Chemist: 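Supplied in structure tokens, the structure appears directly below.
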Amino acid sequence: MSIAVVGKILWVLGVVAWYIIRYPFERRAKRVRVVSHRRSHIEKIGLASAVLGLAIVPGFYVATGMPQAADYPARAWAVAVGVVLFAAAMWVFRRTHKELGRNWSITLEIRDQHQLICSGPYAFVRHPMYTSFLLMGLGQAFLLSNWIVGLAGLIGFAILFFLRVDKEERMMLEIFGAQYRAYMDRTKRIIPYLY
């Protein structure tokens, strides 16, 4: 079995892990009443971009091998780095869901009895879910030895992040006011101590 095939298999396992982590939280979230939301067409574009870059484009590549012209030689060290990055992404993803609990939502929503979470990964960054997506995109770039597919995950993440993060922070400021402002002052957005 080639290194490239191993990378593809490990990417598929990572996506399966992502779904296994997300599914029970998605089911539970449907039972909690939404009191306000900021859904928009821009948000749908961001979510679609992330799904396209982190799931559809790489899934198509894994299934078909296309676009083969953008392939480059797979390296064992790159696959190892990709596994570490993807595993870190899944750890952050799981911890983020656990900390959010009933507050979790795929879109910009405030749920009944919503609370500001500042523990777990939220003690270090305000948006650890985006941190996990960034790590997934980086892991994908190392696991799948194709320039287009590798960049697709990072581009999809970037579009989602830059279309949504400001709106999300404005919404949190409206709801939690000075408490969220103080939280912003002591944390970074997605990379601890840097950004």
Side-chain angles (χ1 to χ4, degrees), residues 1-30 37-75 78-97 100 104-109 127-168 189-190:
M1 185 179 312
S2 73
I3 296 295
V5 170
V6 170
K8 289 177 181 180
I9 290 169
L10 291 169
W11 178 83
V12 169
L13 292 174
V15 171
V16 169
W18 179 91
Y19 183 75
I20 288 170
I21 292 167
R22 166 68 50 99
Y23 182 72
F25 292 95
E26 196 167 0
R27 284 194 49 193
R28 274 185 236 135
K30 290 178 182 174
H37 66 82
R38 303 292 194 281
R39 293 183 212 114
S40 68
H41 294 298
I42 297 295
E43 183 180 6
K44 289 177 186 174
I45 291 168
L47 288 169
S49 298
V51 169
L52 187 66
L54 290 166
I56 295 172
V57 169
F60 182 77
Y61 173 71
V62 167
T64 68
M66 294 190 309
Q68 192 172 12
D71 281 353
Y72 56 86
R75 303 281 185 242
V79 170
V81 169
V83 167
V84 169
L85 288 167
F86 224 101
M90 292 304 98
W91 183 81
V92 172
F93 192 67
R94 172 96 171 111
R95 287 293 314 268
T96 301
H97 278 78
L100 282 176
W104 178 81
S105 175
I106 197 166
T107 61
L108 300 181
E109 296 176 335
H127 306 285
M129 191 77 68
Y130 295 123
T131 303
S132 73
F133 292 151
L134 173 60
L135 289 167
M136 282 176 66
L138 289 168
Q140 176 177 306
F142 281 95
L143 287 172
L144 303 177
S145 53
N146 182 285
W147 293 108
I148 293 170
V149 175
L151 291 175
L154 293 171
I155 292 168
F157 154 76
I159 292 170
L160 172 66
F161 178 76
F162 289 111
L163 287 180
R164 251 177 85 162
V165 74
D166 287 335
K167 287 176 67 176
E168 191 168 332
R189 276 184 163 172
I190 60 171

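Just so you know, these numbers come straight off a predicted model, no measurement behind them. Sequential numbering from 1 along the given sequence is applied to the chain's residues.
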Chemist: Set out, in order, the CA-CA distance, both residues' side-chain angles and the distance that settles ring pair (Phe, Tyr, Trp, His ring centres under 6.0 Å) for Phe133 and Phe157, then state yes or no.
Modeler: CA-CA 6 Å; Phe133 292 151; Phe157 154 76; 7.4 Å; no
Chemist: Please walk me through it: do Val15 and Val12 pass side chain to side chain contact (heavy atoms under 4.5 Å, CB included)?
Modeler: CA-CA 5 Å; Val15 171; Val12 169; 5.8 Å; no
Chemist: Give me the atom names and distance for the closest heavy-atom approach of Ile148 to Pro67.
Modeler: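 Minimum heavy-atom separation between Ile148 and Pro67: CD1-CG, 3.7 Å.
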Chemist: When you compare the side chain of Arg75 with that of Phe142, does any pair of heavy atoms fall below 4.5 Å?
Modeler: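 Heavy-atom side-chain distance check fails, nothing below 4.5 Å.
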Chemist: Minimum heavy-atom separation for Leu138 to Leu154, with atom names?
Modeler: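 It is N-CD2, 3.7 Å.
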Chemist: As an exercise, state the distance from CD1 of Ile45 to OG of Ser40, rounded to the nearest 0.5 Å.
Modeler: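 Reported to 0.5 Å precision, the distance equals 8.0 Å.
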Chemist: Hey, what do you get for CG (Leu151) to CG (Leu144), rounding to the nearest 0.5 Å?
Modeler: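 Between atom CG of Leu151 and atom CG of Leu144 there are 11.5 Å.
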Chemist: Look at the side chain of Ser49 and the backbone N and O of Leu160, then say whether any donor-acceptor pair between them is shorter than 3.5 Å.
Modeler: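 No: the side chain of Ser49 does not pair with the backbone of Leu160.
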Chemist: Using modelled atom types and a 3.5 Å cut-off, is there a donor and acceptor pairing between side-chain atoms of Gln140 and backbone atoms of Pro58?
Modeler: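 Absent.
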Chemist: Would you please name every residue forming a ring-ring contact (aromatic ring centres under 6.0 Å, His included) with Tyr72, sequence neighbours left out?
Modeler: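 ring-ring contact (aromatic ring centres under 6.0 Å, His included) check on Tyr72 returns Trp147.
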Chemist: Before accepting this row, confirm whether a basic side-chain N of the pair Arg164/Glu43 lies closer than 4.0 Å to the acidic partner's carboxylate O.
Modeler: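 Looking at Glu43 together with Arg164, the answer is yes, because their closest N to O distance falls below 4.0 Å.
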Chemist: Can you tell me how far the CG atom of Leu54 sits from the CD1 atom of Ile155, to the nearest 0.5 Å?
Modeler: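 The CG atom of Leu54 sits 11.0 Å away from the CD1 atom of Ile155.
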Chemist: What are the two closest heavy atoms between Ile159 and Gly46, and how far apart are they?
Modeler: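 Answer, listing the atom of Ile159 first, then Gly46: CG2-CA, 4.3 Å.
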Chemist: Give a yes or no on whether Phe86 atom CZ has more than 12 heavy-atom contacts from other residues, nucleotides or ligands under 6.0 Å away.
Modeler: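 Atom CZ in Phe86 is packed in, count exceeds 12.
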Chemist: Working to the nearest 0.5 angstrom, can you tell me the gap between Trp18 CH2 and Ser132 OG?
Modeler: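 The distance works out to 9.5 Å.
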Chemist: Would Gln68 and Tyr61 count as having a side-chain donor-acceptor pair, cut-off 3.5 Å?
Modeler: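 Side-chain D/A pair, Gln68 to Tyr61: absent.
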Chemist: Over all heavy atoms of both residues, which pair between Ile3 and Ala74 is shortest? Give the atoms and the distance, please.
Modeler: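 That would be CG2-CB, 3.7 Å.
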Chemist: Could you go through Phe161 and Arg189, starting from their C-alpha distance and side-chain angles, then the distance that decides it, and tell me whether this counts as side chain to side chain contact (heavy atoms under 4.5 Å, CB included)?
Modeler: CA-CA 10 Å; Phe161 178 76; Arg189 276 184 163 172; 4.1 Å; yes
Chemist: For the residue pair Val6 and Leu143, establish whether any side-chain heavy-atom pair is separated by less than 4.5 Å.
Modeler: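 They are not in side-chain contact.
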Chemist: Pro128 pairs by side-chain contact (heavy atoms from CB on, under 4.5 Å) with which of Thr96, Ile190, Leu100?
Modeler: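 Only one of Thr96, Ile190, Leu100 forms a side-chain contact (heavy atoms from CB on, under 4.5 Å) with Pro128, namely Thr96.
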Chemist: Please say whether the positively charged group of Arg28, taken as NZ for Lys or CZ for Arg, lies over the ring of Phe25, i.e. under 6.0 angstrom from the six-membered ring centre and within 45 degrees of the axis.
Modeler: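 Judged by the rule, Arg28 and Phe25 form a cation-pi pair.
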Chemist: Can you tell me how far CE of Met129 sits from CD of Glu168, rounded to the nearest 0.5 angstrom?
Modeler: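 Between atom CD of Glu168 and atom CE of Met129 there are 9.0 Å.
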Chemist: Hey, what do you get for CG (Leu108) to NZ (Lys167), rounding to the nearest 0.5 Å?
Modeler: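 The NZ atom of Lys167 is 6.0 Å from CG of Leu108, to the nearest 0.5 Å.
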